[in-house]
Amino acid sequence: MHSAIRAGQVDETLSHDPYDAANDNIAEIQQPKTTDMPAPAILSWLMTNGYIGADERDAGEHVYKLASIARSNLTNPVVRYSARTADRKWRTVEVQRHTIRGTLDAIISNIRYEPRRKAVVQAFVVEEPTIDLDNPHRVAQGLADVARHLWGGKAEIVPILVAANDNQPQADAAEASGTTFRRSDNFQRLHSAKQLDKDPETNDALHAAGLRYASDHHLAGLQPLGAVDYSRVVVDGGSGEGMGDRMVQARSRYRQARALLGSHYGPAVDAVVIEGQSLGDTGLRISHFKDRGKATAAAGERLNGGLRLLAQSYGILRR
């Protein structure tokens with residue numbers, strides 16, 4: 001063999017480049033693991049698993065109906081289909097076929113951020129829809145944008161602007177009309193005022209992580225936390241018998257998330273996201289600062305850090 005090589009009788013050219021193979025494997029691993037699923041099934045899965053509500057589900061139905069009409073080979077100039085109006089009622093509407101594509105394009109263009117637009121198009125507009133079941137948040141957030149575009153906000157009263165250094169409850173139009181202020185709205189107010197993070201998409205991602213954390217706490221059937229000793233090892237006191245599977249799974253997810261937050265971030269996240277406390281009150285309770293402004297800043301920093309950990313754990317943000 002060695003003599004054949006010296007005589008030049010053996011082709012030394014590699015028929016398989018190991019570096020190209022390694023790059024192909026890395027590229028395959030980095031590709032999102034999407035699942036083929038019909039658009040109605042995607043909506044049902046998102047709804048069942050708590051990623052979207054009724055408004056987002058209706059928005060998704062609206063999008064894939066328009067997409068189906070736009071792909072149709074029919075040529076009749078008038079199209080009839082069912083659509084939801086602002087009063088939450090579904091009615092048969094009649095429109096010119098040539099307007100469908102423009103309507104669909106306007107809906108997609110009103111989805112904030114390109115990643116959300118791509119996710120919604122892949123799930124509801126293309127002929128063979130797919131979704132990444134491990135990271136469905138962009139689809140869910142995109143549907144929320146669609147619902148907002150089609151029917152406006154859920155509340156008739158526009159939330160007030162919140163002071164830059166706190167989110168304490170204060171009199172607004174809701175109170176003026178006799179509606180009791182809900183302290184649980186504090187976390188939503190932080191999100192609306194972009195106080196969770198200055199970057200808009202990160203602000204949305206942290207909000208989504210907080211909602212998922214609170215949802216697991218609620219589904220687990222846990223009472224308001226009060227004082228929690230985060231230095232103790234979390235032990236489930238019961239076998240879980242008599243609890244529904246969904247409740248058991250939610251309690252397990254919540255306990256894992258709480259352990260991840262630890263004693264530094266946990267009290268801030270629980271106080272604001274679950275208990276609805278203001279940043280100022282939270283900071284005075286969990287930090288050594290007596291000045292409200294400094295306490296607010298400390299609570300905001302811990303809240304941001306904790307929500308980032310949760311968002312990365314849930315797959316909403318990249319690590």
Inset, instruction - Indicate the atoms forming the closest heavy-atom contact of S287 with A298, along with that distance. - result: CB-CB, 4.2 Å

Legend entry - Heavy-atom pair with the smallest gap, counting every atom of A70 and R101: CB-NH2, 3.8 Å

Inset, instruction - Would you mind reporting whether S215 and L219 have side-chain heavy atoms less than 4.5 Å apart? - result: yes

Legend entry - Carboxylate-amine/guanidinium proximity below 4.0 Å for D132 and R138: no

Legend entry - Aromatic plane relationship, Y213 with Y254 - under 30° parallel, 30 to 60° tilted, over 60° perpendicular: tilted

Legend entry - Side chains of N203 and H191 in contact at under 4.5 Å (non-hydrogen atoms): yes

Legend entry - Path from L261 to L206 over hydrophobic side-chain contacts below 4.5 Å: yes

Legend entry - Atom pair CG/OG1 of D134 and T35 - distance to nearest 0.5 Å: 7.5 Å

Legend entry - Validation row: P136, W45 side chains within 4.5 angstrom (heavy atoms): yes

Legend entry - Single-linkage hydrophobic cluster, 4.5 Å side-chain cutoff, L284 and L303 together: no

Legend entry - Beyond-backbone contact of R212 with S313, side-chain heavy atoms, under 4.5 angstrom: no

Inset, instruction - Determine whether more than 12 heavy atoms belonging to other residues, nucleotides or ligands lie under 6.0 Å from atom NZ of K65. - result: yes

Inset, instruction - Hey, could you give me the CZ/OG distance between F187 and S192, rounded to the nearest 0.5 Å? - result: 10.5 Å

Legend entry - E127 atom CD: more than 12 heavy-atom contacts under 6.0 Å: no

Inset, instruction - Establish whether L309 and L190 are linked, either directly or via other cluster members, by ILVMFWY side-chain heavy-atom contacts under 4.5 Å. - result: yes

Legend entry - Carboxylate-amine/guanidinium contact D55 R84, below 4.0 Å: yes

Inset, instruction - Compare every heavy atom of G280 with every heavy atom of A295, then report the nearest pair and how far apart it is. - result: CB-O, 4.4 Å

Inset, instruction - Taking all non-hydrogen atoms of both residues into account, name the closest pair between Q141 and A208 and its distance. - result: NE2-CB, 3.4 Å

Inset, instruction - Working to the nearest 0.5 Å, report the span between CG of D197 and CG of D204. - result: 10.0 Å

Inset, instruction - Work out which heavy atom in V139 is nearest to a heavy atom in A123; give both atom names and the distance. - result: CG1-CB, 4.3 Å

Inset, instruction - Could you give me the CA-CA distance, side-chain angles and deciding distance for R292 and D281, then say whether side chain to side chain contact (heavy atoms under 4.5 Å, CB included) is met? - result: CA-CA 8 Å; R292 190 176 187 86; D281 289 343; 3.0 Å; yes

Inset, instruction - Answer yes if I108 and L43 sit in the same cluster of Ile, Leu, Val, Met, Phe, Trp and Tyr residues linked by side chain heavy atoms under 4.5 Å apart, and no otherwise. - result: yes

Legend entry - Non-hydrogen side-chain atoms of L133 and M37 separated by less than 4.5 Å: yes

Inset, instruction - Could you tell me whether the side chain of D291 and the main chain of G293 form a donor-acceptor pair under 3.5 Å? - result: yes

Legend entry - Distance in Å, Q256 CD paired with D216 CG, rounded so as to fall on 0.5 Å steps: 9.5 Å

Legend entry - Minimal non-hydrogen separation, V273 against G210, with atom names: CG1-O, 3.3 Å

Inset, instruction - With the side chain counted from C-beta on, respond yes when V146 and N110 share a heavy-atom pair under 4.5 Å apart, and no when they do not. - result: no

Inset, instruction - Using the six-membered ring wherever Trp is involved, compare the ring planes of F124 and Y64 and label them parallel, tilted or perpendicular (cut-offs 30° and 60°). - result: parallel

Legend entry - Chi angles and distances behind the side chain to side chain contact (heavy atoms under 4.5 Å, CB included) call for I107, H62: CA-CA 10 Å; I107 289 175; H62 196 102; 3.9 Å; yes

Inset, instruction - For side chain to side chain contact (heavy atoms under 4.5 Å, CB included), just list the numbers for R302 and T282, CA-CA rounded to whole Å, side-chain angles, deciding distance to a tenth of an Å, and then say yes or no. - result: CA-CA 10 Å; R302 292 196 195 184; T282 300; over 6 Å; no

Inset, instruction - Taking the side chain as every heavy atom from C-beta outward, state whether P77 and Q96 have any pair of such atoms under 4.5 Å apart. - result: yes

Inset, instruction - Spell out, yes or no, whether I111 and V125 are grouped together once hydrophobic residues are joined by side-chain heavy atoms under 4.5 Å, including indirect joins. - result: yes

Legend entry - Rounded distance (nearest 0.5 Å) linking atom NZ of K198 with atom CG of N304: 11.0 Å

Legend entry - Heavy-atom side-chain contact between S72 and R97 under 4.5 Å: yes

Legend entry - Worked check of side chain to side chain contact (heavy atoms under 4.5 Å, CB included) between L46 and L143: CA-CA 11 Å; L46 290 170; L143 291 179; 4.2 Å; yes

Legend entry - Distance in Å, R148 CZ paired with E56 CD, rounded so as to fall on 0.5 Å steps: 8.5 Å

Inset, instruction - Output, in order, the C-alpha distance, side-chain angles, deciding distance and verdict of salt bridge (charged side-chain N to carboxylate O under 4.0 Å, His left out) for R117 and D145. - result: CA-CA 10 Å; R117 285 193 286 270; D145 289 340; over 6 Å; no

